[in-house]
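One structure is given below, encoded as structure tokens.
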Amino acid sequence: MEVVLRAVHDSDLPVFFRQTNDPEALRMAAFGPADPADRDAFEARWKRIRSSADVARTVLADGDVVGSAAVYGEPGEREVTYWVDRAYWGRGVATAALRGLLAEVPERPLHARAAADNQGSLRVLEKCGFRITARARGFANARGEEIDEAVLVLNG
Ligand SMILES: CC(C)(COP(=O)(O)OP(=O)(O)OC[C@H]1O[C@@H](n2cnc3c(N)ncnc32)[C@H](O)[C@@H]1OP(=O)(O)O)[C@@H](O)C(=O)NCCC(=O)NCCS
């Protein structure tokens, strides 16, 4: 599968909305928005991301829109995030997408956070050179409770 990143097009947003409302994915990511099915809040979030200095990319696998990957936040605190359509999990898409994003964004350090039990995401981050530097607790909307979170960093 050829994984490519490109700028986000308006026509990608309905696809992202569907992908980020998958119940299994939401539970896995844990720290999602309070109401992922709120379309207005979703549109507002993406408008903000696309109009700010954030780097947001659509992930294509063999030409299909299979997810998104982004760097966001204040300088020195910049974080990576990504989401892959459940139909494509376990085929190296997130790893290739994150590698592509890291090649596009040279600044270091970069940060990441993941639910401590999100083994897939932690593995993707580890394969791309991130290391766990701290643990935190946070309220996970998708779980309805406070859970452990891993805090990671990628140094230059
Ligand atoms: C996490 C996510 C991005 C992974 O995407 P993906 O395309 O399946 O990832 P990859 O195929 O590149 O790599 C996944 C790695 O995790 C491993 N993995 C996946 N699920 C796992 C699990 N439950 N336990 C242990 N390892 C697991 C895979 O074996 C693979 O490692 P390997 O290459 O050493 O075999 C995807 O599941 C997703 O979008 N989840 C919902 C949103 C989310 O959690 N985003 C991240 C928020 S921090």
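Read the numbers this way: they start at 1 and go in the same order the structure lists the ligands and their atoms.
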Are [X] and [Y] linked, directly or through other ILVMFWY residues, by side chains that come within less than 4.5 angstrom of each other?
X	Y	answer
L122	M28	yes
L98	V105	yes
F42	L26	no
V124	L154	yes

I need the nearest protein heavy-atom contact for [atom]: residue, atom name and distance, please.
atom	value
atom 32 (P) of ligand 1	K127 NZ, 3.6 Å
atom 26 (N) of ligand 1	Q119 CB, 4.0 Å
atom 39 (O) of ligand 1	V84 N, 2.8 Å
atom 34 (O) of ligand 1	R123 NE, 2.7 Å
atom 11 (O) of ligand 1	G92 N, 2.7 Å
atom 45 (N) of ligand 1	Y82 O, 3.0 Å
atom 5 (O) of ligand 1	A94 CB, 3.2 Å
atom 14 (C) of ligand 1	V124 CG2, 3.8 Å

Heavy-atom distances under 4.0 Å are what count here, so tell me which part of T81 touches ligand 1: side chain, backbone, both or neither. neither
Counting only heavy atoms, which portion of R86 has something under 4.0 Å from ligand 1: side chain, backbone, both, or neither? neither
Option nearest atom 40 (N) of ligand 1 (shortest heavy-atom distance, choices W83, F31, W89): W89
Would you mind telling me which of L101, V3, D85, D64 makes a side chain to side chain contact (heavy atoms under 4.5 Å, CB included) with V59? V3
Would you call E149 and R135 a salt bridge, using N to O less than 4.0 angstrom? no
Is any NZ, NE, NH1 or NH2 atom of the basic residue among R57 and E104 found under 4.0 Å from an Asp or Glu carboxylate oxygen of the other? yes
Close-contact set for ligand 1 against [X] heavy atoms, below 4.0 Å:
X	value
T95	10 (P), 12 (O), 13 (O)
M28	1 (C), 37 (O), 40 (N)
R91	11 (O)
G90	6 (P), 8 (O), 11 (O)
A29	42 (C), 43 (C), 44 (O)

Does the protein place any heavy atom closer than 4.0 Å to [atom]?
atom	result
atom 37 (O) of ligand 1	yes
atom 1 (C) of ligand 1	yes
atom 29 (O) of ligand 1	no

Are the side chains of L5 and L60 in contact, using a 4.5 Å heavy-atom criterion? no
Can you tell if the side chain of Y82 reaches within under 4.5 Å of the side chain of S121, non-hydrogen atoms only? yes
Stacked cation flag R113 on F31, 6.0 angstrom / 45 deg: no
Roughly how far, to the nearest 0.5 Å, is CD of E43 from CZ of R48? 12.5 Å
Determine, using heavy atoms of R113 and all atoms of ligand 1, whether some pair is separated by less than 4.0 Å. yes
Under 6.0 Å between ring centres, would you say that holds for F16 and W46? yes
Within-cut-off N or O pair, Y88 and ligand 1, under 3.5 Å: no
Partner of D12 under salt bridge (charged side-chain N to carboxylate O under 4.0 Å, His left out), picked from R18, R6, R50, is R6
